[in-house]
Amino acid sequence: PMAALTAQAAMVQASFDLATGPLVKAVLFRCPDAQRLLIVIHHLVVDGVSWRILSEDLADAYRQHCRGETLVLPAKSDSFKTWAETLNAFARTEELQSELDYWQRVALAPVDPLPNGGRVEADLFRDRDSFEVVIAEEQTGQLLSQVHTAYKTEVDEILLAGLARALCQWGGSTRILVTLEGHGRQQLGREVAFGDVEVGRTVGWFTSEYPLHLDLPKADEIGDQIKVVKESLRQVPSKGLGYGMLKYLAGQQIDLAPSVLFNYQGQFDTEFAGGLFTLDEKEAGPLMAPSTRCLHAVEINGMSVGGRLRFSFSYNRQVYTRDAIASLAAYFSTSLSQIAAHCLNTEGGLTPSDIDYEGLDIKALDQLLKKLTQES
């Protein structure tokens, strides 16, 4: 029975000891309907990109074994140790220090609070619940591949615009501070010595977190809101990697605490490596210890699985009711629908990041484009 499998998986999840290890465990369950392989790896060792690397290598190795071949896997990239040493070296450069002004401005920017909820001394994982939103397949296709022509956007910019609109509708917030996660594997700086490090096939926890401040236009103009979100994201130096480096490696006193975390993990197929594995997380057991402290009032994690966008809204049930979070989730789903409809029915327009002209803001560019249109 699945209940027994889940109980066993929970025991495996809870058996990790950071001091003594191991931090990787695998269990094969021989079930009546199919075999299930549970692989549990501590988050200090692996991130989302690493899971893709591991699943592909595992599939390749299994196929080679079944054919009686010598196991041969693709060459590895630079080690996590090399990456860590590179981060430490980059943390001492003037290029990183030049980012400090940006993060200090973010720290001083006014932020609207979330709607009032209950109060707790410590937000612990055992008190968390979640609410899931699944976007229809047709609309998922629009959001992932069709809407970006209008404003030359990326997927994360569109999804974040939907969240910003939802937070505005949920609690009236127009000045928003949200934690974003990035894969953290981008090249460092403009110097060749830092840009040469390649970690595309390195297993480890490279994830970066950084705060993003959004100041939405008060008018309900979807196009204007998309432009603000797009430009706000593209103005973040080093795609946010520098924030953690300045804070933890360079010793700068910049400590921001957003109430909302948003993490879009990209597209995951329900079938891995050509159908050899099928993803199934339902019986994997709790992913965190009950006493784990949660850092955000609301955490939103999303991915595309099987052609559908799925978003999980995690919250403390002593702070917010399920109905309150369901309302936020509904605003988010509706906002994505409105954004898709808008982008598919407008010519959109350029934003400053599309033009190589320093100092041009959204308003000035819109006025210039309007003037050029009238003259032509």
Tell me, with the steps shown, if Phe29 and Gln35 meet side-chain contact (heavy atoms from CB on, under 4.5 Å).
CA-CA 6 Å; Phe29 295 96; Gln35 295 190 89; over 6 Å; no
Just how far is it from atom [atom1] of [X] to atom [atom2] of [Y], taken to the nearest 0.5 Å?
X: Phe313; Y: Glu132; atom1: CZ; atom2: CD; answer: 10.5 Å
X: Gln318; Y: Glu121; atom1: CD; atom2: CD; answer: 10.5 Å
X: Ser337; Y: Gln142; atom1: OG; atom2: CD; answer: 8.0 Å
X: Ile53; Y: Leu58; atom1: CD1; atom2: CG; answer: 13.5 Å
X: Thr174; Y: Leu216; atom1: OG1; atom2: CG; answer: 6.5 Å
X: Trp170; Y: Ser327; atom1: CH2; atom2: OG; answer: 8.0 Å

Is there a path of hydrophobic side-chain contacts, each under 4.5 Å between heavy atoms of I/L/V/M/F/W/Y residues, joining [Y] to [X]?
X: Leu144; Y: Val133; answer: yes
X: Phe125; Y: Val40; answer: no
X: Val46; Y: Leu44; answer: yes
X: Leu18; Y: Val203; answer: yes

Are the side chain of [X] and the backbone N or O of [Y] linked by a donor-acceptor pair below 3.5 Å?
X: His43; Y: Leu287; answer: no
X: Thr93; Y: Phe90; answer: yes
X: Thr86; Y: Thr82; answer: yes
X: Tyr320; Y: Pro115; answer: yes
X: Asn345; Y: Ala341; answer: yes
X: Gln139; Y: Ala340; answer: no
X: Ser238; Y: Leu241; answer: no
X: Gln13; Y: Ala284; answer: yes
X: Thr292; Y: Met288; answer: no
X: Arg308; Y: Thr140; answer: no

Can you confirm whether [X] sits close enough to [Y] that some side-chain heavy atom of one is under 4.5 Å from a side-chain heavy atom of the other?
X: Cys343; Y: Ile226; result: yes
X: Arg317; Y: Ile325; result: no
X: Leu167; Y: Leu328; result: yes
X: Ile176; Y: Val111; result: no
X: Leu249; Y: Leu87; result: yes
X: Leu124; Y: Pro290; result: no
X: Tyr264; Y: Asn301; result: no
X: Arg165; Y: Ile339; result: yes

Can you confirm whether or not the ring centre of Trp103 sits under 6.0 Å from the ring centre of Tyr243?
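They qualify: ring centres under 6.0 Å apart.
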Assess the pair Phe80 and Phe206: is the distance between their ring centroids shorter than 6.0 Å?
yes
Just do the salt bridge (charged side-chain N to carboxylate O under 4.0 Å, His left out) check on Asp33 and Arg36 with the steps written out, would you?
CA-CA 9 Å; Asp33 59 337; Arg36 285 176 165 79; 3.1 Å; yes
Pair [X] + [Y], salt bridge at N-O below 4.0 Å:
X: Arg185; Y: Asp47; result: yes
X: Arg293; Y: Asp123; result: no
X: Lys227; Y: Glu231; result: no
X: Glu157; Y: Arg234; result: yes
X: Arg175; Y: Asp112; result: yes

Tell me whether [X] at atom [atom1] has more than 12 heavy atoms from other residues, nucleotides or ligands lying less than 6.0 Å away.
X: Glu138; atom1: CD; value: no
X: His65; atom1: NE2; value: no
X: Lys239; atom1: NZ; value: no
X: Arg67; atom1: CZ; value: yes
X: Lys363; atom1: NZ; value: no

Start with the C-alpha distance between Thr351 and Lys152, add both sets of side-chain angles, then the distance that settles side-chain hydrogen bond (donor to acceptor under 3.5 Å, both in side chains), and finish with yes or no.
CA-CA 9 Å; Thr351 62; Lys152 295 179 171 55; over 6 Å; no
What I want to check is whether the side chains of Lys76 and Thr202 have a donor and an acceptor closer together than 3.5 Å.
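There is no such pair (donor and acceptor under 3.5 Å, judged by atom type) between the side chains of Lys76 and Thr202.
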Partner of Thr179 under side chain to side chain donor-acceptor pair (under 3.5 Å), chosen from His296, Glu299, Glu209:
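The side chain to side chain donor-acceptor pair (under 3.5 Å) with Thr179 is passed solely by His296 among His296, Glu299, Glu209.
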Verify side-chain contact (heavy atoms from CB on, under 4.5 Å) between Leu160 and Leu180, making sure each step is shown before the conclusion.
CA-CA 10 Å; Leu160 186 58; Leu180 298 182; 4.1 Å; yes
Before giving the answer on side-chain contact (heavy atoms from CB on, under 4.5 Å), spell out for Asp78 and Trp83 the whole-Å C-alpha distance, their side-chain angles and the decisive distance to 0.1 Å.
CA-CA 7 Å; Asp78 289 318; Trp83 177 249; over 6 Å; no
Could you give me the CA-CA distance, side-chain angles and deciding distance for Gln97 and Leu246, then say whether side-chain contact (heavy atoms from CB on, under 4.5 Å) is met?
CA-CA 8 Å; Gln97 292 299 321; Leu246 285 167; 4.1 Å; yes
Residues in ring-ring contact (aromatic ring centres under 6.0 Å, His included) contact with His342, at least two apart in sequence or another chain:
Tyr151
Applying side-chain hydrogen bond (donor to acceptor under 3.5 Å, both in side chains) to Ser314 and Ser130, what does each step give before you reach the verdict?
CA-CA 4 Å; Ser314 171; Ser130 62; over 6 Å; no
